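Because the structure is predicted, anything quoted here is derived from the model rather than measured.
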Amino acid sequence: MKMTISKSIKRTDAREKIRGEAQYIGDMAFDNPLYLKTVRSTRPHAKILDIRLPDLPENCFIIDKSHIPGKNRMRTVVSDHPILAEDEVLYIGQPILLVAGPSRELVYQISEKIRIDYEDLPAVFTLEESEKQNCVFTEYSFSKGEPDTAFAQAARIIEDEYRTGLQEHVYLEPQGMAAEVKDDTVFVYGSMQCPFYAEGALTEALGRPADKIRVIQTTTGGAFGGKEEFPSLTACHTAIAALATKHPVILIYDRDEDIICSTKRHPAIIRYKAGLDDNNRVTVLDMDLLYDAGAYTGLSPVVLQRGIFSATNVYNFHHLKVRGRNFQTHTVPSGAFRGFGAPQSVFGTEMLMHNIAITLGLDPLEFKMKHILKQGDPSCTGGKIHDKVILPELVERALDLSDYRQKIQKKKKFTGVGISLFLHGCGFTGNGEQTIKGKIILRKSKDRVVLKVSSVEMGQGADTTLRKIVAHTLDLPIEKVTCEIRDTGLVPDSGPTVASRTIMIVGGLLKTAADEMKSRWNDTEDFEISKVYHHPGFLTWDNDTFQGNAYPTYSWGVNVAEVAIDPVTYDIHIEKVTGVYDVGRAIDERALRGQMEGGIAQGAGWATLEVMKSKEGRLVQHNLTDYKVPTSMDVPEIICDFMDNPYEFGPFGAKCAGELPMTGAPPAVAAAISNALGIPLNEIPVTPEMLMELEKHED
């Protein structure tokens, strides 16, 4: 009997990783390699007046902006970040020079002897300062209904403001890249999510066509968005150095260096003005989202778009006004991070709904349920919610599994229970999937099949689940289905490994190709099938007005968090988180459970432990001693459950999953802390010091 697609199997990459056989970038060997060290700005905003170099030992090199054969800009959504600084630096940690030499010790010694003279320039360090000076990178707005009229008719108006902080990715393997030139082709190897992003950046930086560049992903030890756009910079550094020195070069960051210079989650301020009718229903909402993009624009416009398209979370406010702005500050650039701008806005909206209910003396869950979206309702951008919404069923299941009702009735001071409802838009925003036109190839060779995609395995189990979709469709043992290595010279561009799109979009193409292959299986021994993604016909989107379906579909979730607060120290102990999810249909329940448990831990860390501050552009927490993330001792008991709600256009009914749990845990934990102490919370991370101050203020 054929097993169901959801039944778990062994991960196909588990054995080699457990045995230490997997080849990470640090394991690669080259003939006569040079090592690279990056010389960085020590000023947040300054002119470079002079650079004084020491005498260089034999076989050592300095690489600067003059060695860049093509354009000195890292290609991304807005290509404003120089690959190596020109005459001005905009943040502490900005790359200025590269030192190449035959040993790490030697290049470190040379780097320390380089002297750079600066003329300091005025700098802006906070969102508030940047807003006062109107340092706006990008601004968007859209509306629904008649918000001005609705505010005029409102029985009550409530205004509030919410804040979220920086977050560091803390992938297990730091950023690393290597490059060599063979037969007039530049080969770049590294730890990355998006090989074709790096290829695109290299074509511009090197002034070479793509067929003279090969980008090859090595085994990647975690990413969380931190290896989306950033590796394009290190790919350019290594490739330029390999061309300049005529040696293979290796660049692997120390952890401290990685934290200082790599992208972070955008800090945010979200301001709300809510209008309520006589029945205490929110009829109109005005939102203003401010995201700190750091020194350069990079991916921030798209991050902000997901933030504003997720701004109303699971709720249907009939009248709406949304404004979003990215601001420049002289701090390390913000960038992609799991959830991609949505966790900030969803946190704000969930806590707004929680705090309005408390202010009115209402039960937060009952208040929220009066506003939830249903099938056929308009989304915040006016697109129709096309699929069945089983949020009420998810809530009931979460309440039963957590015993929420009894616990909230019997709660005592310093113990609390909180609940969050949340969604995540699946795939790219707006026309993104139509623009990318992700392509896959499925090749049959006798009784074996090779799938060719650029979507990478980075610890999330993508190789296992993609192979499983093909094997299950073809009735083959999974050992007979393999993945081609992610080499831009060997695989088509199926799009980047981002936006929770791998299973739904790429897996959907593989399922369609496998169905066709099955029907032609006995025609010949060797043939291949390729497929290109097209949106389902019912989707509409206007990218100028932001009206229509911002996403093909949504995944949904409910979290119940339970906390205990130490009455003396105010230390926060998250005791348990219960999560119930609609991700369409699970392709592999164990792999999915791993995603959910990891996302809950990461979200709970952002909500409580992960404090990262910047003082005059310099990160105060710049190593893993100062920047604390949840350890195994901090992760709470986690209960996960899934409810089937198959998506018509997903493989076996699957939707998106990976980013969803990151969104739900922070507001559930914050609501539980609020419940424990009977005080409103408007900011994360919540720290013991913050709670002491709030309690003192309440008294």
Side-chain angles (χ1 to χ4, degrees), residues 38-51 65 72-74 76-97 114-139 163-169 226 229-230 232-233 237 253 256-269 289-301 303-304 324-337 341 344 611-623 626-627:
T38 311
V39 178
R40 303 181 179 281
S41 168
T42 58
R43 299 290 202 278
H45 188 201
K47 281 184 182 176
I48 297 174
L49 300 178
D50 189 30
I51 299 176
K65 61 185 179 183
N72 185 18
R73 288 292 182 276
M74 186 184 83
T76 180
V77 171
V78 177
S79 305
D80 57 355
H81 193 307
I83 294 166
L84 291 170
E86 296 173 341
D87 302 321
E88 185 178 343
V89 289
L90 269 65
Y91 68 96
I92 292 173
Q94 180 164 353
I96 298 174
L97 302 171
I114 295 173
R115 297 289 176 264
I116 301 175
D117 296 330
Y118 299 95
E119 178 187 336
D120 289 324
L121 298 170
V124 173
F125 299 120
T126 67
L127 265 173
E128 292 88 341
E129 292 174 53
S130 189
E131 185 185 21
K132 281 180 186 171
Q133 299 186 29
N134 199 30
C135 303
V136 181
F137 273 140
T138 45
E139 178 170 354
R163 291 170 181 257
T164 62
L166 284 161
Q167 190 178 22
E168 167 66 25
H169 300 86
E229 78 274 36
F230 192 83
S232 295
L233 186 64
H237 286 167
Y253 287 172
D256 288 15
E257 181 181 23
D258 196 312
I259 291 177
I260 287 167
C261 68
S262 64
T263 52
K264 310 281 176 275
R265 185 183 297 285
H266 292 68
I269 298 173
L289 295 85
L290 294 74
Y291 282 18
D292 184 346
Y296 292 102
T297 309
L299 286 177
S300 293
V303 173
L304 180 63
R325 289 173 287 170
N326 272 319
F327 287 91
Q328 183 187 34
T329 56
H330 293 101
T331 58
V332 63
S334 304
F337 204 129
Q344 292 94 318
V611 177
M612 179 170 273
K613 301 285 186 184
S614 174
K615 186 175 181 182
E616 297 187 338
R618 189 180 302 278
L619 291 173
V620 176
Q621 294 81 14
H622 53 80
N623 55 51
D626 295 333
Y627 184 74

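When all heavy atoms of Y296 and H81 are compared, the pair lying nearest together is CD1-CD2, 3.4 Å. Minimum interatomic distance between S300 and N326 (heavy atoms only, all atoms of both residues): O-ND2, 2.9 Å. In this structure, V332 and Y91 approach most closely via the heavy-atom pair CA-CD1, 3.8 Å. The two residues R43 and V89 come nearest to each other via the heavy atoms O-CG2, 4.0 Å. Here the closest heavy-atom approach between residue Y627 and residue E168 is recorded as OH-N, 3.0 Å. Between A295 and L90, the closest heavy-atom pair is CB-O, 3.5 Å.
Among the candidates Q621, M612, K613, the single residue satisfying the side-chain contact (heavy atoms from CB on, under 4.5 Å) test with L166 is M612.
Distance check, rounded to the nearest 0.5 Å: OG of S614 to NZ of K264 gives 10.5 Å. We find the OG-CE distance between S79 and M74 to be 8.0 Å, quoted to the nearest 0.5 Å. Rounded to the nearest 0.5 angstrom, L304 CG and T138 OG1 are separated by 5.5 Å. One distance of note links CD1 of I51 with CD1 of I116; it measures 5.0 Å at 0.5 Å rounding. Taken from CD in Q328 to CZ in F137, the straight-line distance is 3.5 Å, to the nearest 0.5 Å. To the nearest 0.5 Å, atoms CD1 (I260) and OG (S41) are separated by 11.5 Å.
Classification of the Y291-H266 ring pair by plane angle, with boundaries at 30° and 60°, yields tilted.
A search for ring-ring contact (aromatic ring centres under 6.0 Å, His included) contacts involving H622 returns nothing, not counting sequence neighbours. Taking the salt bridge (charged side-chain N to carboxylate O under 4.0 Å, His left out) definition, one finds that K47 meets it with nothing, sequence neighbours left out. Applying the ring-ring contact (aromatic ring centres under 6.0 Å, His included) criterion to F230, with sequence neighbours excluded, gives no partner residue. Take E229 and apply the salt bridge (charged side-chain N to carboxylate O under 4.0 Å, His left out) test, not counting sequence neighbours, and it matches no residue. Every salt bridge (charged side-chain N to carboxylate O under 4.0 Å, His left out) that D117 has, sequence neighbours left out, goes to R52.
Checking side-chain atoms of N72 against main-chain N and O of I83 turns up a donor-acceptor pair under 3.5 Å. Here the side chain of E257 pairs no donor or acceptor atom with the backbone of Y253 at under 3.5 angstrom.
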For this session: Carefully, step by step, assess R73 and E86 under the rule salt bridge (Lys or Arg N to Asp or Glu O under 4.0 Å).
Result: CA-CA 10 Å; R73 288 292 182 276; E86 296 173 341; 3.1 Å; yes
For this session: Apply the test side chain to side chain contact (heavy atoms under 4.5 Å, CB included) to residues T329 and L127: give CA-CA distance (whole Å), side-chain angles for both, the deciding distance (0.1 Å), then the verdict.
Result: CA-CA 7 Å; T329 56; L127 265 173; 5.6 Å; no
For this session: For side chain to side chain contact (heavy atoms under 4.5 Å, CB included), just list the numbers for L49 and Y118, CA-CA rounded to whole Å, side-chain angles, deciding distance to a tenth of an Å, and then say yes or no.
Result: CA-CA 5 Å; L49 300 178; Y118 299 95; 5.8 Å; no
For this session: Under the side chain to side chain contact (heavy atoms under 4.5 Å, CB included) rule, what do Q344 and F337 come out as? Steps first, then yes or no, please.
Result: CA-CA 11 Å; Q344 292 94 318; F337 204 129; over 6 Å; no
For this session: Evaluate side-chain hydrogen bond (donor to acceptor under 3.5 Å, both in side chains) for E88 paired with H45, printing each intermediate quantity in order.
Result: CA-CA 7 Å; E88 185 178 343; H45 188 201; 2.6 Å; yes
For this session: Report the C-alpha distance between K65 and D87 in whole Å, list the side-chain angles of each, state the deciding distance to 0.1 Å, and finish with yes or no for side chain to side chain contact (heavy atoms under 4.5 Å, CB included).
Result: CA-CA 10 Å; K65 61 185 179 183; D87 302 321; 3.2 Å; yes
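Screening residues 124-135 for salt bridge (charged side-chain N to carboxylate O under 4.0 Å, His left out) gives E128-R163, E131-R271, E131-R325 as the qualifying pairs, with residues at least two apart or on separate chains.
Two residues are said to be in side-chain contact when any heavy atoms from C-beta on lie closer than 4.5 Å; D50 and R115 fail this criterion.
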